[in-house]
Structure formats: C-alpha cells, structure tokens
Amino acid sequence: MLRAVRPRIALLVVLAAAAAAVAPAPSFAAPAGALDHAGRWITDRDGRVVILHGMNMVYKRPPYHPQAVGFGDDDAAFLAREGYNTIRVGIVYAAVEPQPGAYDEAYLDRIRETVDTLGRHGIVSLLDFHQDLFNERFQGEGWPDWAVRDDGLPAVPKAGFPGNYLAMPALSRAFDHFWANDPGPGGVGLQDRYAAAWRHVATRFRDHPGVMGYDLMNEPWPGSAWPTCVNPAGCPAFDATMRRFVDRTVAAIRQVDADTLVFYEPHVLFNNGVPTHLGDIGDAHAGFSFHDYCLTDPAGRVGCDVFDDLVFENAERHAAQTGAALLVTEFGATDDPAVLGAVVRRADRFMVGWQEWHYCGCADPTTAGPGDRQAIVRDPARPPVGDNLKAAKLELLSRPYPQVVAGTPLRFGFDDATKRFALEHTTARAGRRGRFPAGAVTEISVPRRQYPRGYAVDVEGARVLSPARSGVLRLATREGAERVRVVVTPGEGAFPRARVS
C-alpha cells in the first residue's frame, strides 16, 4: 500500500507532474460466479448492479492467514451488522508455494475457512495475492525466498516501506527478473510459476459461493523502470511488459475457471494520478481494481482533490475504453476524517464500490507510521466492541449505499451532516437492452449507526417491501416505472413511507 504519508514518493510525483440494525444477507452472495459485470458495473446473476462496500483483511506475517491474528465469526458478524458486503482477503504467495511446484494445501484450507466464515454472513471475498516490497529480504512480504533473483546485490540501504522502492537496487532487480519472466529453480520462468500458483488457487476456489473474484497482484512495482512512470503520460513501455504478465496469469486461471471475475491492477503509481496503458485484456469477466492514496499534502489536503479526482477519472476512462468493471480495493490507512470522508464521497460521486484499508493494524510490517492508525478494530482476537473499535472512523465508513439496483444508477450519495441519503436510477438493464419488470427489487444498506432511531423513506417509482428499522431497505419497482428516486432521512421510529409519482 502506498500510503498518504510518503513524502519522498510524493515529492517525486508532484515535481515530475509539474515539470511535465442486523442486516440480512445480501441476496447476491452466491452461487460461485454469480457476480459478473456489464461494462464498468459489477452485476449479480439477475443483472442487477451491485455496489460493494467493505474492508481489507491481510495478515502479512507467517503463517499469513487472517485466523492467525484472531479474525473470526464475531468479526464477520460485526461487519455484516455495519452493512458491509465484501472483504479483500489477502493470500501471500510465499505461503501458497513455499517450495517450487509444491503447494501448501493446509494454508489454502485456512483461507477457505475465512471465506466460509464471511460467506455465512453474506459477505463476498476478493482473493488477493498480496505483496509489498517483494519479499522479507527487502523488509516486505510476497514472493517465496526461492523466487528472489537480485543479482547478488546487497539489500541496502534499508529505508523501510516505502523507501526501499526508491532506494534499494536489489529490490528493483528482483522485480525486473519477475517482469522478464526470467528462469528460476528448474529453469521455469518466475511468472510461469506465479501463474501456475494462481491456477492452483482458482482450482481450489472456483466453486466457492463466497468468492466474488481474484485480484492478481497487489500494487505492482515497475522495478528499475519506475522513473519512466513518474510523469503525467505514464509509461507505455512498462505497461506493455506488465500486460504480458496479466495475459499469462489470466490465461492460467481460465484453464480451470472460465467465469469468476479476475481483477488486474495497474502499476502502483496509478494510485497517485499516473494513467495506465494496459488496454483491453480481452477477457469477458475482467475487472480493474485500483487504489487511491493522496501523496501531496495529506494533512492539509492541498492538491488532494485534484490528484484524487484524477485517479478516479483515469479509472473511469480505462473502463470506458475496455469495458472492465471498476472497484477501489484500497484507500484510507488513516484515522484522518478529512482523508476518509473525501474518498468515500468521491466514490459515491463516481458510483464505484470500495474496500478500505484496513480492518486491523495486525502488526503490519510495511505500514508507514503506527500500525494502529490504519485499524477499524484494534485487535481481532478481542470482540469488536467498546474501546476495541474506532467509532469515529466507523461513523464515516458505515454509511448508506445501494447494495443491488434493479436498473442502472444515475447518482447516489450520503450527507454526513444531515444523514440524508439519496439514490436515483433508471430501470434499464446495465449494458443490455430492456428494462427490469415490475416487482424487481433494489436493496439499500441503511446502517443503524447512522439511523439509531429509525428512518423515513420518500420514494417515487417503487414501493417499500422491508419493515421499519430494517438494516436493508428493499424496494420493488412499480409497473411502468422508468426511473426510481429514493430519499432516506432520520425518523423517530418512523416506518418507511412511500410517495407515488
């Protein structure tokens, strides 16, 4: 994760640019492969648009699975109560393939247990091959030791995370060898091994009803080519190299799983406003995952609105060119309400789902600053209540949003001050001809944290199905409706009321 407190990278990027209630389980949480997409929209098996809100849960130290740090059923139940419907579950490649060609099935069993636990609470998992700084040798995590080729260079200077990306030539050489698919043990290409590991993981999870997709690699670093990427035009040459990796890995997954969404990330400097040139990968079930961390002045937000808008605009442009689905898979890693609020409001404005970083501090070896700063729950081994929760952060993140929409969203958003949520959507099917029929159901998460005394509903073009105070507001489209408008406001124990236009 490139965090918002990285002054060295921030300076390089900026200077270069200048010079140049208990919610019921969501109805879309099963079966396997049920989530697909229509262009930039994620969709369920009925073709309704799905918006995802959730967290990351990645444990970066051996044994590399969430249960090891205490993440379990009480955490999943808490997340569901708060209205979240997705988790990005970290898988560390070093644990998947500790020896060349030998996969650790017990490790994947632990990952599966976490996915099972989340699924029981209606939460879908994005499986993420997570890396930061490539390997423990470089003060990070990701690839197994046997996959490190650094030309014998010493792992110095040790500037930690993220400084090693800029300062440590050995780390860049390890990435260079990977991007070149140079041979590792047994003469097998490093990318070929990685792709085969993904194929093995996909074989294990292709039929799992709780898996919404695969995220190929967290925050790819360009290696020695990174200076060519620090400019407003991006780096087409490196993106062409990276595209070969994406194609190879997707092809390996598709040998065993034809349908599950595969998300590919651009190189990490995209997160700070650099465009991508990856292009259309030619897969019918492709998603584009991206992160947003402002690096200009996170304390004062000077310039952050411009840079953060650029990140979303670049993602939207890429989706328009390629037809890939969109999902923000990281942002946050801070207690700063200005930073968190700006991103979630921006995500609403662009109508993109998100997974915030991070559920816990979890002794993260590659976070900048105190690890507790990035947590929602301080210690997953303890119940997620009382002083183990960061209530102010939850107040910003646990917000109303449309979980499934029987049509195509036009706009939605939540006002933190007035607690007013509004959604407007057509009944036209996203990316397809035709409209949803009368009775098609839209579901809106309305967390009790925002409406402790209940809420009122004003709706046109639909009728309310759910009871008062329900954590999920369910609306059925009315006969002949071409557009639905709904407004949710606080109400003292008020039952939902409907206005018919």
### Task
Kindly say whether V306 contributes a backbone atom to a donor-acceptor pair with the side chain of D309 at under 3.5 angstrom?
no

### Query
Between R448 and E82, is there a salt bridge with N-O shorter than 4.0 Å?
no

## Note on the structure
Between Y451 and K419 the two heavy atoms that sit nearest each other are OH-O, 2.7 Å

### Task
Mind telling me whether Y93 and F129 have parallel, tilted or perpendicular rings, with 30° and 60° as the class edges?
parallel

### Query
Going by heavy atoms in the side chains, are V404 and E443 under 4.5 Å from each other?
yes

### Query
If only atom types and distance count, is the side chain of H37 paired as donor or acceptor with the main-chain N or O of G323 below 3.5 Å?
yes

### Message
Would you call the rings of F205 and H208 parallel, tilted or perpendicular, taking 30° and 60° as the class edges?
### Response
tilted

### Pairwise distance CZ(R204) to CG(L127) - rounded to 0.5 angstrom
11.5 Å

### Query
Would you call E330 and R88 a salt bridge, taking side-chain N to carboxylate O under 4.0 Å as the test?
yes

### Message
Evaluate E460 against R483 for salt bridge (Lys or Arg N to Asp or Glu O under 4.0 Å), listing each step before the verdict.
### Response
CA-CA 8 Å; E460 302 175 43; R483 187 166 296 199; over 6 Å; no

## Note on the structure
Result for side-chain contact (heavy atoms from CB on, under 4.5 Å) between L118 and one of N85, V89, V211, T86 points to V89

### Task
Check V405, L35, V124 against V50 for a side-chain contact (heavy atoms from CB on, under 4.5 Å) and give me the one that passes.
L35

### Message
Working note: T366 + K60, criterion side-chain hydrogen bond (donor to acceptor under 3.5 Å, both in side chains); need CA distance, chi angles, decisive distance, verdict.
### Response
CA-CA 9 Å; T366 59; K60 300 180 182 179; 2.7 Å; yes

### Task
State whether the side chain of R346 and the backbone N or O of A342 hold a donor-acceptor pair below 3.5 Å, judged by distance alone.
yes

#### Entry: Qualifying residues under side-chain contact (heavy atoms from CB on, under 4.5 Å), relative to A417, sequence neighbours excluded
D415

### Query
Are L340 and T334 close enough, and set up right, to give a side-chain contact (heavy atoms from CB on, under 4.5 Å), and what steps lead you there?
CA-CA 8 Å; L340 294 168; T334 179; 4.1 Å; yes

### Message
If the threshold is 4.0 Å, N to carboxylate O, is there a salt bridge linking R45 and D36?
### Response
no

#### Entry: Spacing of CG belonging to D207 relative to OG1 belonging to T260, to within rounding of 0.5 Å
8.5 Å

### Ring centre gap for F350 and F312 strictly below 6.0 Å
yes

### Query
Which atom names give the shortest non-hydrogen contact between G361 and A375, and what distance separates them?
N-CB, 3.4 Å

### Query
For the side chain of N388 and the backbone of D379, is there at least one donor-acceptor N/O pair under 3.5 Å apart?
yes

### Summary
Rounded to the nearest 0.5 angstrom, the OG-CG distance for S289 and L216 is 8.0 Å

### Task
Measure up the H130 and W357 rings against each other and bin them: parallel (under 30°), tilted (30 to 60°), perpendicular (over 60°).
parallel

### Task
Return yes if some donor-acceptor pair links the side-chain N/O of H267 with the main-chain N/O of E219 below 3.5 Å, else return no.
no

### Message
Working note: Y264 + D283, criterion side-chain hydrogen bond (donor to acceptor under 3.5 Å, both in side chains); need CA distance, chi angles, decisive distance, verdict.
### Response
CA-CA 11 Å; Y264 58 96; D283 187 271; over 6 Å; no

#### Entry: Cationic N near anionic O, under 4.0 Å, R378 to D387
no

### Query
For the atom pair OG1 (T114) and CG (D109), what is the distance rounded to the nearest 0.5 Å?
11.0 Å

### Message
Checking D364 against Y59 for the side-chain contact (heavy atoms from CB on, under 4.5 Å) test, could you report, in this order, the C-alpha distance in whole Å, the side-chain angles of both residues, the deciding distance, and whether it holds?
### Response
CA-CA 7 Å; D364 190 332; Y59 188 49; over 6 Å; no

### Query
Parallel, tilted or perpendicular: which fits the ring planes of W354 and F331, with parallel below 30° and perpendicular above 60°?
perpendicular

### Distance-minimising heavy-atom pair for S470 and Y455
O-OH, 2.8 Å

### Query
Side-chain contact, heavy-atom cut-off 4.5 Å: Q403 with I444?
no

### Message
The test is side-chain contact (heavy atoms from CB on, under 4.5 Å); show your working for D73 and R120 and say whether it passes.
### Response
CA-CA 9 Å; D73 189 77; R120 285 195 297 271; 4.1 Å; yes

### Residues Y64, E141; criterion side-chain hydrogen bond (donor to acceptor under 3.5 Å, both in side chains); working and verdict
CA-CA 10 Å; Y64 301 117; E141 90 294 326; over 6 Å; no

### Message
With a 4.5 Å cut-off on side-chain heavy atoms, are R382 and P380 touching?
### Response
no

### Query
T329 and side-chain hydrogen bond (donor to acceptor under 3.5 Å, both in side chains): which partner among Q355, E356, H291?
H291

### Message
Suppose we screen for side-chain contact (heavy atoms from CB on, under 4.5 Å). Which residues come up paired with R411, at least two apart in sequence or across chains?
### Response
E424

### Residue pair A462 / V484: nearest heavy atoms and the distance that separates them
CB-CG1, 4.0 Å

### Message
Keeping N271 on the side-chain end and V268 on the backbone end, is there a donor-acceptor pair under 3.5 Å?
### Response
yes

### Query
Which heavy-atom pair separates T477 from P437 by the least distance, and what is that distance?
CB-O, 4.0 Å

### Message
Nearest 0.5 angstrom please: I91 CD1 to D215 CG, how far?
### Response
10.0 Å

### Full working for side-chain hydrogen bond (donor to acceptor under 3.5 Å, both in side chains) between Q131 and N218
CA-CA 6 Å; Q131 75 82 31; N218 178 67; over 6 Å; no

### Message
Any heavy-atom pair between the side chains of V58 and H358 that's under 4.5 Å?
### Response
yes

### Query
Is there a side-chain contact (heavy atoms from CB on, under 4.5 Å) between D44 and V49 once you walk through the steps?
CA-CA 7 Å; D44 71 2; V49 167; over 6 Å; no

#### Entry: R420 bridged to D458 by N-O distance under 4.0 Å
no

### D128 side chain vs Y214 backbone, donor-acceptor pair below 3.5 Å
no

### Query
Taking the six-membered ring of F414, is NZ or CZ of R345 closer than 6.0 Å to its centre and within 45° of its axis?
no

#### Entry: Side-chain (Y359) to main-chain (G54) donor-acceptor, under 3.5 angstrom
no

### Task
Look only at the side chain of R449 and the backbone of R399, and say whether a donor-acceptor pair between them is shorter than 3.5 Å.
no

## Note on the structure
Heavy-atom nearest pair, C294 first then D308, reads CB-OD1, 3.6 Å

### Task
Please find out if less than 6.0 Å separates the ring center of F412 from that of Y401.
no

### Query
Would you say F290 and V311 make side-chain contact, with heavy atoms under 4.5 Å?
yes

### Message
Nearest 0.5 Å, please: how far is CZ in R112 from CG in L108?
### Response
10.0 Å

### Query
Would you say T408's side chain and A428's backbone share a donor-acceptor pair under 3.5 angstrom?
yes

